[in-house]
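Notes follow once the structure below has been shown.
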Amino acid sequence: MSWSLARKVSAALIAILVSTMMVMSLFGFFKFEEVMSSLVRSRYSFVAFTIKKKVEDSLNLGFALRQLRQVQETIELEKARDEQIQGIEIYDARGEILFNSDRGRIGASVPETWLDPLTATSSQPFALMDEDSNVVGLPLVNNLGKVEGAVVLLYPSGYVERELGAMLGRLALEIGGLVVGFSLLTLVVASLALRPVRRRLAAMEAGLDRALMKDGDVAIAGLGDLGEFDGQFDEFVGKTREAIEHIKTSTDEVERLDRLA
Amino acid sequence: MRLDSSRSLLLRLLMLAVLVLVPPMAIASLRALDRFEEGLSPEMDRKAAAIGRDLLAQVDRAVSYGIPIDKLVGVDEFFTTLLNGNPEIRYLGLTTASGDILFLSGALSDQLAGQYRALHLTEADMTGRKTDIGAFVDLALPVRGRDGLVGQVHVGFDRGYIAAQLFGIFYDIAVVLGTSLIIAFEILLFVVVFNISGPMKLVAEVVHQARRGDFTRVPGITSADEVGHFVRAFNGAVRQVDNAYRGLMAYIDEVRTGHFDRNVAEKVGEVADRVRFLFRFNPSGAPQVLREKLSSDVRLPLFLFVFAEEISRSFLPLYAQALPAQVAGLSPELMTALPIAVFMAGIALGSLWAGAVTERLGSRKVFQFGLFPAVLGCVMSGLSHGVIELSLWRGIAGLGYALVTVACQSYISKTTSDSNRATGLGGYVGAVLTAAICGTAAGGVLADRIGYAPSFFVSTALILVSGWLLSQLLSMAEIPQSVVMAEERHGTHLLRIFSNWRFSILVLFAAIPAKMALTGYFFFLVPLSLWDSGHSLPEIARVMVLYPVVMLAVSSLSTRLADQMGWRIGQVALGGLVGGAGILAALAFDGTLPLVIGIVGLGISHGMSASPQLASIPDICWIECQRHGRTQVLALLRTLERVGSFVGPLLAAVFLQMWGGRGAIIGLGAVVLVMAMVFAMVAGAYGNGPHLETEEDAP
């Protein structure tokens with residue numbers, strides 16, 4: 001395949017268009033995911049916060065965390081309300097799970113890293129990653145300021161993609177359509193934009209062809225203001241023709257002289 | 001439209017680039033925003049429902065204890081706590097069953113009262129009812145008492161909240177679009193020059209000779225496009241004339257040697273002389289194929305290379321700050337400054353011998369040789385586990401940077417003549433500045449989205465593309481290398497230049513402080529200060545991009561001014577004062593404004609003084625330029641000013657440790673301003689025109 005000027009320009013522009021749209025889509029998706037994740041995390045943090053309040057109210061009445069049997073119902077209710085919640089756990093300061101929406105896990109231990117947020121003195125919410133789950137949690141603090149444990153809520157890390165995959169797929173298709181549409185437009189417009197170049201080159205080539213034929217018209221006509229280069233090109237064409245004619249005349253003359261003998 | 005000039009065609013193609021890039025970006029952005037809002041809206045509803053449920057549970061409990069809903073205590077404080085903890089929620093409200101507002105926080109009663117009364121919520125609306133009220137989306141939940149509905153809980157959020165959250169993406173999109181348009185410009189410039197105007201210039205050169213009857217050369221273009229097709233036809237015409245000539249000459253030789261009649265032989269000899277008098281043909285037996293390299297050949301690869309290096313501009317000190325840094329005797333501030341200082345030291349060291357190496361090996365080899373440390377430095381910077389390691393790799397990357405840029409400068413210098421050298425070097429400066437604009441702006445966005453280390457890997461990929469492109473372009477015809485320059489032997493003698501007080505003062509009080517301000521203030525203190533004042537990486541990049549933009553705008557004006565007025569030293573002095581004063585804006589203002597003023601001031605300062613500083617050297621060091629060559633003197637100035645590049649971040653780090661962020665800016669600004677003032681005071685004594693030895697010796 002020969003690469004015409006229009007093809008070269010189109011290829012360059014289409015490559016830029018495709019990469020620009022890809023980068024923009026990527027940045028857009030990252031931003032969307034960031035906003036979405038922060039909203040989801042904020043909602044689940046709030047759910048964890050409501051459980052924390054209930055637990056701390058009981059702790060403040062003097063009950064031990066282990067004794068708060070009604071908490072099990074609360075976390076099961078919260079989990080039942082939202083099918084995206086993978087689990088809700090309450091564990092003590094040593095990492096033993098006291099209550100879990102999955103009753104089978106009660107008595108097990110949480111990963112070591114889950115205990116790190118409990119060493120901080122503040123009761124700020126924390127976020128962790130656990131294999132393919134996101135974890136949001138809050139420390140449980142009694143009215144003496146002692147951290148008794150934590151409540152954590154697990155939700156899937158691929159939440160955004162799973163929930164909105166179809167919508168993002170449609171958007172990707174739309175953007176793909178735009179890229180294809182504007183790529184075709186690029187091909188057409190690049191061809192139009194370079195038409196004067198092609199015409200000029202073709203006219204100069206035709207001028208050369210005519211010059212090389214006998215009695216051809218030397219000047220390149222009908223192309224408007226041609227500038228210094230074109231003026232010189234006219235002179236070149238003229239000179240070329242003059243040279244050919246002169247050499248031909250000289251050849252005839254040498255032939256004639258040769259035959260004289 | 002001129003074919004041997006790229007301007008008109010480029011303008012046309014740029015319009016095409018705008019047409020092709022802007023509308024799809026705008027359409028895609030708006031569509032994406034719509035879709036994203038659509039996707040986020042249910043999440044907002046869920047959040048509102050979660051808060052509503054909690055609120056309802058609290059109110060339900062109080063009502064179940066028999067407390068009348070209008071007698072609840074502490075509701076406003078409760079609402080305030082909830083609103084503070086959940087910024088996406090705009091307001092919370094509690095009304096009677098008929099919709100009369102009892103408690104409301106976050107909005108005005110007048111905005112909602114009418115709508116609440118008209119709502120007619122029933123007990124059946126267990127999961128709540130969502131309504132649009134003006135600019136709000138309201139979720140109402142029924143409060144049930146013993147005797148049925150006793151009130152309503154309302155949770156509202158701004159309809160535009162999601163759009164406001166996503167709006168930040170438009171700045172990123174604007175940066176991507178701007179960068180794409182600049183890249184499109186660079187690529188189209190390359191396509192036009194390489195495929196159309198460059199070859200046609202070559203054709204024009206041959207035409208210029210051939211129109212006077214000189215058919216000794218043909219343009220050596222081999223492309224398969226329309227220009228290539230035309231050039232083949234053109235060459236065909238020249239070769240046809242050449243063949244006819246050679247045919248005639250062969251015939252004449254035959255007649256002259258073979259004919260028995262001496263009179264005929266003489267006459268055909270006259271014919272040959274006449275043809276040779278009227279036309280010129282190459283004595284080698286065929287027209288010489290003319291190939292010419294253009295200074296613009298290296299522009300696109302250079303642009304990509306500098307773009308890659310500038311990506312880390314806005315975040316390098318932040319990256320260093322985030323890495324573990326424990327070295328006895330070095331403060332954390334000094335450790336943060338170290339990668340920038342070592343990078344500059346790498347450039348300085350590289351520049352010292354890059355020129356001589358390029359003379360010996362040629363631009364292509366030095367460029368390829370320079371790519372190795374550049375790529376290695378970039379990859380390993382991304383993989384560094386500590387500041388010392390990062391500094392080492394930045395130093396190696398600096399070495400590569402020096403080799404590559406000097407190779408490009410040398411290439412430009414060799415492909416230009418005295419008449420067009422300024423245009424060639426203008427192209428170099430233009431490519432570097434536009435790359436700085438794109439790299440700085442895009443780097444911030446990139447690092448914010450993918451992180452510091454992966455941004456270095458993107459840089460590496462760009463450097464590799466640049467290397468591939470340049471090796472392709474330079475392999476087509478390497479410029480023959482001259483023998484090692486004679487000036488090399490002047491290495492030690494060149495140091496006697498310091499006895500020229502004008503040169504020494506220029507270096508000490510103009511060139512070095514300018515670089516100190518650039519690296520200490522702009523590269524080091526600005527990103528740290530902006531980061532500390534809560535700006536995101538893309539915001540830092542957007543502020544920092546002001547420097548190359550202002551510099552680009554000012555430099556072309558100042559170059560013209562310097563040429564017209566011949567006021568070069570005055571411009572250098574004024575530039576220094578503007579830069580120092582700009583940095584000291586931190587004395588008068590707080591927040592981001594003084595940084596913006598400082599960056600703009602620095603852009604004006606360097607735009608105003610960079611070219612006049614170089615242009616003044618032939619006058620200031622007339623004797624030395626004659627003795628050692630202008631290139632050597634300019635290279636020495638470039639190397640010496642890099643002392644300032646190295647010292648700048650380290651000095652700023654010391655000030656930072658002593659006086660904090662604002663104090664460091666003021667301290668460095670004061671140093672720069674005082675040095676600029678010294679230079680301004682001495683500038684008057686520089687005089688005009690070349691300074692000859694006789695003048696120096698005059699009493």
Side-chain angles (χ1 to χ4, degrees), chain A residues 2-5 8-9 12-13 16-17 20-21 23-24 27-28 30-32 35-36 39-40 42-43 46-47 50 164 167 171 174-175 178-179 182 185-186 189-190 193 196-198 200-201 204-205 208 212 227 229 232-233 235-236 239-240 243-244 246-247 250-251 253-254 257-258 260-261, chain B residues 1-4 12-13 16-17 20-21 24-25 27-28 31-32 35-36 39-40 43 46-47 50-51 54 165-166 169 172-173 176 180 183-184 187 191 195-196 204 207-208 210-211 213 224-226 230 233-234 237 240-241 244-245 248 251-252 255 259 261 264 267-268 271 275 278-279 449:
Chain A
S2 74
W3 281 81
S4 66
L5 292 173
K8 284 178 184 172
V9 169
L13 280 175
I16 296 167
L17 173 68
T20 303
M21 293 296 260
V23 171
M24 190 209 74
F27 283 179
F30 282 147
K31 180 74 185 178
F32 170 67
V35 174
M36 181 77 174
L39 270 178
V40 172
S42 145
R43 175 161 67 89
F46 183 78
V47 173
T50 59
L164 304 165
M167 184 273 283
L171 185 60
E174 284 177 22
I175 291 175
L178 267 175
V179 170
F182 274 87
L185 182 73
T186 307
V189 182
V197 176
R198 282 199 305 275
R200 292 284 303 284
L201 290 168
M204 289 196 292
E205 208 175 315
L208 264 178
L212 299 179
F229 172 76
Q232 293 192 354
F233 188 77
E235 288 177 36
F236 159 77
K239 200 72 178 176
T240 306
I244 288 173
H246 191 90
I247 292 168
S250 302
T251 310
E253 193 180 341
V254 173
L257 287 166
D258 191 20
L260 278 178
Chain B
M1 182 190 288
R2 289 187 58 181
L3 295 181
D4 55 342
R12 195 179 275 241
L13 293 178
L16 169 65
V20 169
L21 290 174
M25 287 279 280
I27 296 168
R31 287 296 300 151
R35 292 282 188 193
F36 289 169
L40 289 169
E43 197 49 47
R46 286 187 200 123
K47 177 76 190 268
I51 289 181
D54 181 59
Q165 288 295 298
L166 290 171
I169 194 68
D172 294 353
I173 289 170
V176 173
S180 298
I183 293 173
I187 291 178
V191 169
N195 293 288
I196 305 173
V207 161
H208 182 71
R211 75 193 172 103
D225 54 24
E226 293 91 331
F230 164 73
F234 178 87
Q240 190 176 338
V241 178
Y245 164 77
L248 171 65
Y251 190 19
I252 287 173
V255 173
H259 210 286
D261 187 345
V264 170
K267 279 188 178 165
V268 293
V271 172
V275 172
L278 289 171
F279 309 103
R449 296 281 168 249

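Lettering of chains follows the sequences in order, A, B, ..., and the numbering in each one begins at 1.
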So [Y] and [X], do their side chains get closer than 4.5 Å, heavy atoms only?
| X | Y | result |
| --- | --- | --- |
| B/Leu13 | B/Val191 | no |
| B/Ser180 | B/Met25 | no |
| B/Arg31 | A/Leu178 | no |

Select, from [options], the one with the greatest count of heavy-atom pairs under 4.5 Å involving chain B.
| options | answer |
| --- | --- |
| A/Val179, A/Val189, A/Ile175 | A/Val189 |
| A/Glu205, A/Met36, A/Arg198 | A/Glu205 |
| A/Leu185, A/Thr251, A/Val47, A/Val23 | A/Thr251 |

Measure distances from [X] to the heavy atoms of chain A and classify the residue's part below 4.5 Å as side chain, backbone, both or neither.
| X | answer |
| --- | --- |
| B/Glu226 | both |
| B/Val255 | side chain |
| B/Val241 | both |

**Prompt:** For the residue pair A/Phe236 and A/Phe233, is the inter-centroid distance of their aromatic rings smaller than 6.0 Å?
**Reply:**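 Aromatic pair counts; centres sit under 6.0 Å.
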**Message:** Working to the nearest 0.5 angstrom, can you tell me the gap between A/Thr240 OG1 and B/Phe234 CZ?
**Reply:**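 Answer for the OG1-CZ pair, A/Thr240 versus B/Phe234, is 7.0 Å.
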**Prompt:** So which of B/Val271, B/Ile187, B/Ile183 has the biggest tally of heavy-atom pairs under 4.5 Å with chain A?
**Reply:**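 Max contact count across the listed options: B/Val271.
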**Item:** Counterpart residues, ring pair (Phe, Tyr, Trp, His ring centres under 6.0 Å), relative to B/Phe36 (two or more places apart)
**Value:**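 For B/Phe36 the ring pair (Phe, Tyr, Trp, His ring centres under 6.0 Å) partners, ignoring immediate neighbours, are A/Phe32.
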